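Contents: one structure, followed by commentary.
Quantities reported herein were computed from a predicted structural model and do not represent experimental measurements. Quick note on labels: first sequence line is chain A, next is B, and so on, each numbered from 1.
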Protein chains: 2
Amino acid sequence: MNNQVNDAPLTLRDVAAAAGVSLATADRVINGRPGVSAKTATKVQEAVQRLGFRPLAAAAELARARSWRFAVVLPGGGNRFMMDIADNIRAQADWFRARRIGVEIVETDVFDADTLAAELTTLPGRFDAVALVALDHPRIRAAIDDLVEAGMAVVTLVSDAPSSRRQHYVGIDNIAAGRTAGSLVGRFLGPARNGEPGGSVGIVTGSGSLRDHAERRFGFGQVLAEEYPHLTRLIPVEGRDDPERNRDLVRRMLADTPDLVAIYNTGEGSVGIGEALAEASLARRILCVGHELTPATRRMLLDGTFAALVAQDPGHEARSTARVLHALVTGQEIVAAQEHIRVQVILRDNLP
Amino acid sequence: MNNQVNDAPLTLRDVAAAAGVSLATADRVINGRPGVSAKTATKVQEAVQRLGFRPLAAAAELARARSWRFAVVLPGGGNRFMMDIADNIRAQADWFRARRIGVEIVETDVFDADTLAAELTTLPGRFDAVALVALDHPRIRAAIDDLVEAGMAVVTLVSDAPSSRRQHYVGIDNIAAGRTAGSLVGRFLGPARNGEPGGSVGIVTGSGSLRDHAERRFGFGQVLAEEYPHLTRLIPVEGRDDPERNRDLVRRMLADTPDLVAIYNTGEGSVGIGEALAEASLARRILCVGHELTPATRRMLLDGTFAALVAQDPGHEARSTARVLHALVTGQEIVAAQEHIRVQVILRDNLP
DNA sequence: CAGTTTTTGAGTTGCGCACCTCAAAACACC
DNA sequence: GGTGTTTTGAGGTGCGCAACTCAAAAACTG
């Protein structure tokens with residue numbers, strides 16, 4: 001085992017010498033410039049491998065001496081989770097400045113394909129790279145492909161468009177997130193007991209047009225059907241992530257479903273669910289699992305209204321977005337493990 | 001709301017001009033060199049504030065033109081989690097090289113205060129910074145303080161020594177981790193039913209000399225006592241993180257405790273617990289919660305022997321260690337949110 | 001006031017690389 | 001052989017800053 005992680009600093013000059021070529025030629029190979037014979041290029045690449053040369057990041061960055069413009073396209077409106085992402089992007093101002101990156105946060109109606117597509121077409125020329133919360137819709141897919149075609153680096157954020165040509169997705173595996181929620185509900189309710197029916201599980205979801213919620217419902221249903229068949233799944237109700245709609249929907253659900261034992265909310269607006277339960281004096285008696293850590297869900301986790309949250313870290317996503325876009329435009333490698341966004345389970349006890 | 005995250009790049013030259021001083025004077029202020037009157041220094045600092053100047057990291061790094069030597073002190077022996085950390089440190093070789101950082105991984109007997117203290121005294125002069133898995137022991141505390149006194153940057157890793165002068169701790173809140181395990185056990189076992197006794201919960205722990213295991217036991221006990229008083233906690237048994245010892249201890253536990261319903265392992269060697277349960281055909285019938293994701297615990301999570309794991313991400317810890325040490329030696333700021341290590345709950349469904 | 005110390009300005013060097021020019025050398029082709 | 005093309009070498013410039021020198025200016029001292 002080699003415990004010496006690395007050795008004396010190497011420069012491009014050392015590589016050139018080792019390969020028996022001039023500095024200019026070594027530079028041409030390293031930076032993929034034309035006018036080098038295949039034979040010579042191989043010699044240089046071998047020397048790079050052999051010596052383990054990597055350009056000093058600081059020097060490369062300084063010498064490149066160009067600045068970048070990134071756009072981050074987020075849904076407008078009061079979505080708390082998206083506001084958290086925006087805040088975390090802003091909190092990186094120093095990081096961006098130190099890399100000569102100008103960032104603009106563009107708010108738009110992500111739920112409307114035409115609006116979003118129109119917004120996207122304005123980006124080339126103004127920006128070098130873009131991160132967007134994607135709608136998985138043919139028009140958006142085409143718009144994303146046009147951006148890539150125009151030479152922009154494109155990553156999807158939170159909600160993916162896997163069939164597009166986007167270079168990277170910054171977000172969680174939403175099927176796994178839904179499955180996790182399903183396991184938590186099933187486990188927390190406990191096994192079926194002789195003679196006792198399992199009860200019904202209500203599902204509150206957002207608009208259904210973003211891929212993430214659909215995938216969560218799918219994963220949730222999968223686990224409940226396979227592992228907890230004694231539980232009855234109600235038909236999902238759509239509250240568009242709006243607390244007031246959710247409150248009304250849950251009121252009706254409580255009235256219509258005497259054997260309701262649990263509620264899963266695939267999206268935002270969990271606070272409305274808490275209100276409806278409190279009105280009916282059923283808080284803590286009906287098991288609730290939701291998504292994302294916000295001031296409201298934090299409070300409901302602490303007071304026991306919600307038993308658990310499935311969450312993704314908006315700070316991690318903001319930083320990952322920044323790193324990935326930077327790596328894409330500067331041609332650096334992406335550290336997959338670092339950029340993998342975890343599906344977090346948050347209980348009262350491991351609240352950050 | 002300002003959606004323009006940052007503006008045109010500034011140089012030190014701009015700051016000097018804005019402050020009405022020469023470049024040399026601005027440089028003296030920025031880098032804390034002597035020979036500047038308080039009045040002038042204030043002028044420059046105000047200009048820095050007003051313009052929002054930050055030295056371009058790449059240029060500063062390049063100009064500083066010095067290399068660093070980091071040591072990472074880990075326990076020797078086959079601890080899988082520690083091996084993961086070491087592997088992740090090695091995986092960062094490129095990152096280190098790009099910053100002129102040489103890293104040496106030092107394996108030693110972290111559990112023996114004399115050995116560890118002796119190892120630590122050899123570091124000053126050979127290294128600029130050190131990360132170590134700390135024993136919370138007066139001798140180690142003194143040794144750490146000596147390192148800081150000698151001008152080294154010191155961070156503790158995984159297990160902290162909070163009363164020492166170490167600049168940072170890279171690891172999780174182990175009390176929260178223990179509480180989380182306690183909540184999972186309590187919740188998964190379900191509420192007390194009329195007439196049914198709650199049953200006994202076994203606790204398997206490591207050596208007890210590292211702070212982390214003690215804190216986990218404490219947090220676990222806290223939650224069980226407060227929230228699940230119907231459960232009986234057995235006296236913790238010490239298996240020194242060794243699978244074979246753990247197996248023997250659990251064999252005896254099973255024989256002695258007819259009403260055993262759950263086992264919590266605060267440390268490594270969970271595979272021994274699985275073996276003992278399998279022998280007795282009790283796997284999946286006794287609820288198990290353990291720590292850290294390894295090939296063995298992953299397997300037991302998938303086959304249902306373990307219901308959940310409480311984990312910390314060794315990759316994150318390795319990267320955080322690198323970033324924090326680098327920030328400490330170069331005088332950069334530490335992004336607290338980025339370096340906060342999360343207490344993760346891992347179920348079968350959100351396995352990374 | 002002269003003499004001393006402190007403060008400031010002006011300037012240089014080099015970090016390692018990207019990017020460029022220009023000329024020389026090697027090669028291909030007829 | 002000569003011509004044209006490709007490949008290679010040599011060298012320069014600048015990125016923004018750190019770190020330094022040296023001299024000039026300003027601020028104190030008695």
(request) Let me know, please, whether B:Gly35 or A:Ala63 comes out on the 5' side of the other along DNA chain C by nearest nucleotide. (result) B:Gly35

(request) Report the residue (B:Pro55 or A:Lys39) whose heavy-atom-nearest nucleotide on DNA chain D is the more 5′ of the two. (result) A:Lys39

(message) Taking the side chain as everything from C-beta on, heavy atoms only, tell me whether A:Trp95 gets closer than 4.5 Å to A:His326.
(response) yes

(message) Salt bridge check, B:Arg165 against B:Glu149: does any charged N sit closer than 4.0 Å to a carboxylate O?
(response) yes

(request) Would you mind reading off the distance between B:Arg13 atom CZ and C:dT12 atom C1', rounded to a whole angstrom? (result) 13 Å

(request) Take the protein atom CG of A:Asp14 and the nucleotide atom P of C:dG16, then report the distance between them rounded to whole Å. (result) 9 Å

(message) Tell me the interatomic distance from A:Asn31, atom CG, to C:dA18, atom P, rounded to whole angstroms.
(response) 4 Å

(request) Give the rounded distance in Å between these two atoms: CZ of B:Arg33 and P of D:dC20. (result) 7 Å

(request) When you get a sec, tell me which of C:dT7, D:dG16, D:dT8 is the closest nucleotide to the side chain of A:Arg100? (result) D:dG16

(request) To the nearest Å, give me how far apart CD1 (B:Ile30) and P (D:dC17) are. (result) 9 Å

(message) From C-beta outward on B:Ala60, which listed nucleotide comes closest to its side chain: C:dG9, C:dG16, D:dA18?
(response) D:dA18

(message) Please pick, from D:dG9, C:dC15, D:dC17, the nucleotide with the shortest atom-to-atom distance to any side-chain atom of B:Leu62.
(response) C:dC15

(request) Report yes if at least one side-chain N or O of A:Thr25 is closer than 4.0 Å to OP1 or OP2 of D:dT7; otherwise report no. (result) no

(request) Could you check if a side-chain atom of B:Ile341 sits within less than 4.5 angstrom of a side-chain atom of B:Asp313, using non-hydrogen atoms only? (result) no

(message) How long is the straight-line distance from CZ of A:Arg211 back to OG of A:Ser159, given to the nearest 0.5 Å?
(response) 8.0 Å

(message) Without decimals, in angstroms, what is the distance between B:Arg99 CZ and C:dG16 P?
(response) 16 Å

(message) Rounded to whole Å, how long is the line connecting atom CG of B:Leu23 with atom P of D:dC15?
(response) 13 Å

(request) Name the nucleic acid region contacted by B:Asp27, choosing base, sugar-phosphate or nothing; use a 4.0 angstrom heavy-atom cut-off, strictly under. (result) base

(message) If you assign each of B:Ala24 and B:Ala59 to its closest nucleotide in DNA chain D, which residue comes earlier from the 5' end?
(response) B:Ala59

(message) Expressed as a whole number of angstroms, how long is the span from B:Lys43:NZ to D:dA26:C1'?
(response) 13 Å

(message) Within the supplied structure, the quantity of interest is the number of heavy atoms (other residues, nucleotides, ligands) at a distance under 6.0 Å from B:Arg13 CZ; does it exceed 12?
(response) no

(request) Give a yes or no on whether a donor-acceptor pair under 3.5 Å exists between the nucleobase atoms of C:dG9, that is its base, and the side chain of B:Arg28. (result) yes

